[in-house]
Amino acid sequence: MREITYAEAIREALRHEMKLDDKVFIFGEDVGAFGGCFGVTAGLFQEFGPERVMDTPISESAILGTALGAALMGLRPVPEIMFVDFTTVCFDYLTNQAPKVRYMCGGQVEKLPLVVRTTSGGWIRAAGQHSQSLEGWFTQVPGLKVVMPATPYDAKGLLLAALRDNNPVLFIEEKALYATSGPVPEGEYLVPLGQADVKRAGKDITLITYAGMLGHTLAAAQTLASAGIDAEVVDLRTLSPLDHDTLAKSVQKTHKAVVIQEACEMGGVAAQVVKSLVDTSFGFLDAPIKTVAALNTVIPFSPPLEDITLPSADKVVQAAKALMS
Amino acid sequence: MREITYAEAIREALRHEMKLDDKVFIFGEDVGAFGGCFGVTAGLFQEFGPERVMDTPISESAILGTALGAALMGLRPVPEIMFVDFTTVCFDYLTNQAPKVRYMCGGQVEKLPLVVRTTSGGWIRAAGQHSQSLEGWFTQVPGLKVVMPATPYDAKGLLLAALRDNNPVLFIEEKALYATSGPVPEGEYLVPLGQADVKRAGKDITLITYAGMLGHTLAAAQTLASAGIDAEVVDLRTLSPLDHDTLAKSVQKTHKAVVIQEACEMGGVAAQVVKSLVDTSFGFLDAPIKTVAALNTVIPFSPPLEDITLPSADKVVQAAKALMS
Amino acid sequence: MMELPKEKLLSMYKTMTAIRGFEESLAEAVTGGTLPGFVHLGVGQEAVHVGVCTALRETDWISSTHRDHGMILARGADIKRMRAEIFGKVTGYCKGKGGSMHLAVYDKRATGCNGILGPSQTINNGVALALKREGKGNISAVVFGDGAAHRGEFHEALNFAACWKLPALAICVNNHYAISVCFDDACSVEDIAARAAGYGIPGLVADGNDVMAVYEAVSQTAKAIREGKGPALLELKTSRWRGHFEGDPQPYRTAEQLEADKKKDPIARFGLQLIAQGIATEADLAALKAQADKELQEAIEFSDKSDYPGPEELFTDLFYTERRAG
Amino acid sequence: MMELPKEKLLSMYKTMTAIRGFEESLAEAVTGGTLPGFVHLGVGQEAVHVGVCTALRETDWISSTHRDHGMILARGADIKRMRAEIFGKVTGYCKGKGGSMHLAVYDKRATGCNGILGPSQTINNGVALALKREGKGNISAVVFGDGAAHRGEFHEALNFAACWKLPALAICVNNHYAISVCFDDACSVEDIAARAAGYGIPGLVADGNDVMAVYEAVSQTAKAIREGKGPALLELKTSRWRGHFEGDPQPYRTAEQLEADKKKDPIARFGLQLIAQGIATEADLAALKAQADKELQEAIEFSDKSDYPGPEELFTDLFYTERRAG
Ligand SMILES: Cc1ncc(C[n+]2csc(CCOP(=O)(O)OP(=O)(O)O)c2C)c(N)n1
Ligand SMILES: Cc1ncc(C[n+]2csc(CCOP(=O)(O)OP(=O)(O)O)c2C)c(N)n1
Ligand SMILES: [Mg+2]
Ligand SMILES: [Mg+2]
């Protein structure tokens, strides 16, 4: 199969859906002729014109409010918030508004097709306010779906599924993955929301991860294999709703688990994963579930410090080995 | 000891500190002559005047921004956000600003004395946007302390400690507790931040809770006692930093735990507590840790529905009994 | 006034009395302890509700505030289902899940109130954008208070709407108070409408106690918007007669102030106009009020007899589910 | 211009060249691949930096933007520690933890840049409030871009400051672009300063490429603020010469536009003024530039030789800790 990048896969999903359905439209800061801060929407303005791909003022609340109003009217907006770090200035829309409006009006609004795209993660030396992994806030919100793809294949398939979902979806893309490549079918396919994926089968220990840490975790699994440890790697893909079943199935087989996330130890979804496994699989666990995560500090600018702050394949290997011994 | 209400205890702490230190000042919506939406600041405007107790326009971002700027300059602001549900419109200040400013400037700012008071919780028939328990967002933020007192005694002592802390503190008060009474010393005393409190000693099972659910949990413990189950009740008091030691100590004694929170199952701090216990005390656990929490839905207006959505003493009893059998 | 047919004018009067009766019956229910939660009553602001809704087309959209049961009634909503919603009954418009603070009636294109002040102003842009694409000359109006005009959303929404030339009408109902805080202490200009200058859009002030003045101001402003001239800001000056919420002791204003406000009673004023212009007699007006009272009684009975939603409603409507045909 | 002593004028010139040299050396480092992260350079905006800082008192406070290394340099910060910070070294002002986007120099009362557009505008009110209480006539200035003027904070901050009559000066540096988005497409009025009308405060526009015009506009506006007249909004029109960040290919503007902008070079312009008025010769100016270049070279060496922070810095400064005496 042809290989394209994660960024191209996302663009392909957007283009596909925009061609099919003229209710789908994109807007946000610099998404137009500029093609987006990370180039994801490059070419779409040229292809679909200024009615379908619109630049906005720097007004994140107005971006999401406009999107929500348009979705209420049956359009299918795909607004972009440049960095997930900026969701803090339009947080109400992702928590009190979009996820609640249908419930609070007793279902008078039937569909609410709203996919908010944003970007996450570190390693670009952008310091404390442009490097965070903040998905853990959003997985606490009933009524909101949260998706974080780790591969180009999943990025395209999950985004297409999100665009058809008729619910508010927060679609978080990993900056560090944009340039990574992988096989992606040309045509249409959906990766259903809410299903985790076993990215490597194994029998000795389950490594649970998502988004940018998948690559590091697979590398760790490779290293562990050469040390005789056969790790299973589960990619969550959708963080809310969490796929409790796939997690349980894997851990009930391996009896051990490490959760790996780029978010800091006190953030992210590690705690929710641990809670899920304690709930479903306590009797199957041979050892405590461990977490590999960023340190509980602000992400520092200085490159050597950022590198120690964020998690690494090495730390995954260490954590897994400690559990196996 | 004399008994006063939770609201009076908070007011007493504010008054005490305002008398001692004229850098301390209060501002927010309707906190002035009106005395605050829940009457907590009643009388302070009259006592300290309009320079120390200030009404603001409905501009939550400006409230917290002004507070942060004043704190940077050495004042000791105590802004109020009327409902924790409204932190969504000033979220950046509680996540990207106050908790990070000292770190990102490498400690050029030494003290950052900023206590943000707000209110939490349901049972007042205020529906989906005025009834939430949202503390779980804030306990994911390095650099921010989060406090939620459950008794008048703790409310006063914790607030005094927060006001002296020189760090940003989010002080979340429980609406349903304002009118509840308890013994409170007249003078000054501090309840240190970061220390949980065993509110009832017991040997069979640990019930971990905080804020508004403490009363329900103590009632459940009473019921359990008559069924021959001796429950220990731990009140977290400070949610961030979490007191891992007290939790571990209790569970290593009882071997069983239920976490009780008013936040919905996917929110709050239950998952972080479970993660902490798995980390510290896995080998001591006889049974999975269970959670009693609100349902994963929007809090409905209709009273009978709200009552089923929120957790109750009954559900605590059921969960504890299920673990004991 | 002659511009509107007699029946329309009489129906406006009736709606104003119906709104007042509706609100006063809620005040009684609070006193009687039968109404759950808290309600913000719009007594004194009926000219705003009826003037605005008379000027808008049925095909326009409108969102309003926590003080605007009246706006939704004036939009033509069923008073029975309104009452039931406020009492948390399953027969309410939102099946009892929203209550007073989240009342919305989508089939009347009234998206109702938002519990968070501000967002309705930006959401209005999205509705307006959809209407612009539809291209039928419909507009979307957002109604908000003088207090809510200080939220950041006010600014982001108006600049955005002006840049995109959206058919959006921002209506600020200035009743001079935001809970206890007097407008003069929370705003550095006399008229919120003055802020329109910052966006290059029209900014108008009208007497919010005069239903015909409201009607005319909204009609004219809306006309320009329908023609594609972009958004506008309209400020309606009025006052609220009751506390911010029922039970508010109002230490922040004097009995004299309140009495002066009440002298501007929009219903009495409109009644006098109708009589002076020979459109109605006192007896006609009394009959309209009696009719409204009767409908209110029926609504109260309907609501009282209705059930609360059952536990099966706890999770419905949270996520989209395919509806069965038929 | 005569108002300022000759040494002051020459030092202003020198600072402008120093800022440009500093920024250009960073551009080189980006090209050379030695600078981590991304930087936003202020080349072309030196008149803003030096004009503003010359007009303010040392005891005033100022916060600025991601494009304002120059502002902090103009405030008198040590160029060595500035460079070191931008390269993530422990000798930097923030021990390398902040970098370009969070550079702050508190001992010069320059709180620097905020990575989130908007909050600095409200935070400025708190600083101003403290200065008002102090009562010494000091003011607090916040500098933000034309793009950031569309965030809700702009509105909340100005209304708040106006209500409380805070000694706060809002300076909008309008360089006509927010990343790729042209000001005309993101704003419905010609001047951000027009928005002052919505708050009843002065709103002024000045030529941001003319250092003396900036100096005078800020001085006069600041004077009124010091006298207790409340906040003001000042807009400085200028342009940025380089991409939004280094590496930005700038497809959104033509080479001709850019050349036209560069013709307004604030440094060349100021130099010509100084020569025309007999304050300096070309040789004097060249000598000032040479001196600035030398200091830059020293700063580069200092930074290059400095260490990165060690792991012991990972958690320091996150929470308050008592400092030991001595
Ligand atoms: C963001 C936000 N802040 C505060 C509140 C609490 N609150 C509800 S109504 C109100 C006063 C609103 O005043 P105004 O906009 O003038 O409307 P009025 O009540 O006068 O009709 C306040 C402060 C809220 N709901 N949302
Ligand atoms: C709330 C927020 N939204 C978006 C950004 C991303 N961003 C950084 S700088 C910038 C453009 C700013 O334009 P302007 O304010 O005009 O300043 P300039 O870059 O022209 O100096 C944007 C969109 C941000 N940092 N914060
Ligand atoms: Mg009002
Ligand atoms: Mg700009």
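Quick note: numbers below take in every heavy atom, side chains included, and nothing from hydrogens, waters or symmetry partners. Note that the structure is predicted; figures quoted are calculated from it, not measured. Throughout, a chain's letter reflects where its sequence line sits, starting with A, and its residues are numbered from 1.
Using a 4.5 Å cut-off between heavy atoms, Asp92(A) contacts chain C through its side chain alone, with no backbone atom that close. Residue Pro99(A) touches chain C through its backbone alone, counting heavy-atom pairs closer than 4.5 Å. Interface remark: Asn124(C) contributes no atoms to any contact with chain A (heavy atom separation under 4.5 Å). The part of Thr316(C) that comes within reach of chain A is its backbone (N, CA, C, O), which places non-hydrogen atoms under 4.5 angstrom from that chain.
Contact count versus chain A (heavy atoms, under 4.5 Å) is highest, among Met101(C), Arg133(C), Glu134(C), for Arg133(C). Chosen from Ser140(C), Ala104(C), Gly98(C), the residue pairing most often with chain A at heavy-atom distances under 4.5 Å is Ala104(C). Here Lys97(C) is the residue among Glu313(C), Gln121(C), Lys97(C) with the most heavy-atom pairs under 4.5 Å with chain A. Taking chain A as the reference chain and counting heavy-atom pairs below 4.5 Å, the highest number among Val105(C), Leu131(C), Thr111(C) is found for Val105(C).
Side chains of Thr139(A) and Gln272(A): a donor on one and an acceptor on the other come within 3.5 Å. For the residue pair Asp243(A) / Gln195(A), no side-chain donor-acceptor distance below 3.5 Å is found, with atom types taken as modelled.
When the shell of 6.0 Å around CD of Glu51(A) is examined, it contains 12 or fewer heavy atoms from other residues, nucleotides or ligands. Surrounding CD of Glu58(C) are at most 12 heavy atoms belonging to other residues, nucleotides or ligands under 6.0 Å away.
Interatomic distance, Arg67(C) CZ to His244(C) NE2, rounded to the nearest 0.5 Å: 5.5 Å.
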Got a list of side-chain donor-acceptor pairs under 3.5 Å for residues 62-71 of chain A, not counting sequence neighbours?
from     : atom 1 : to       : atom 2 : distance (Å)
Thr66(A) : OG1    : Ala62(A) : O      : 2.6

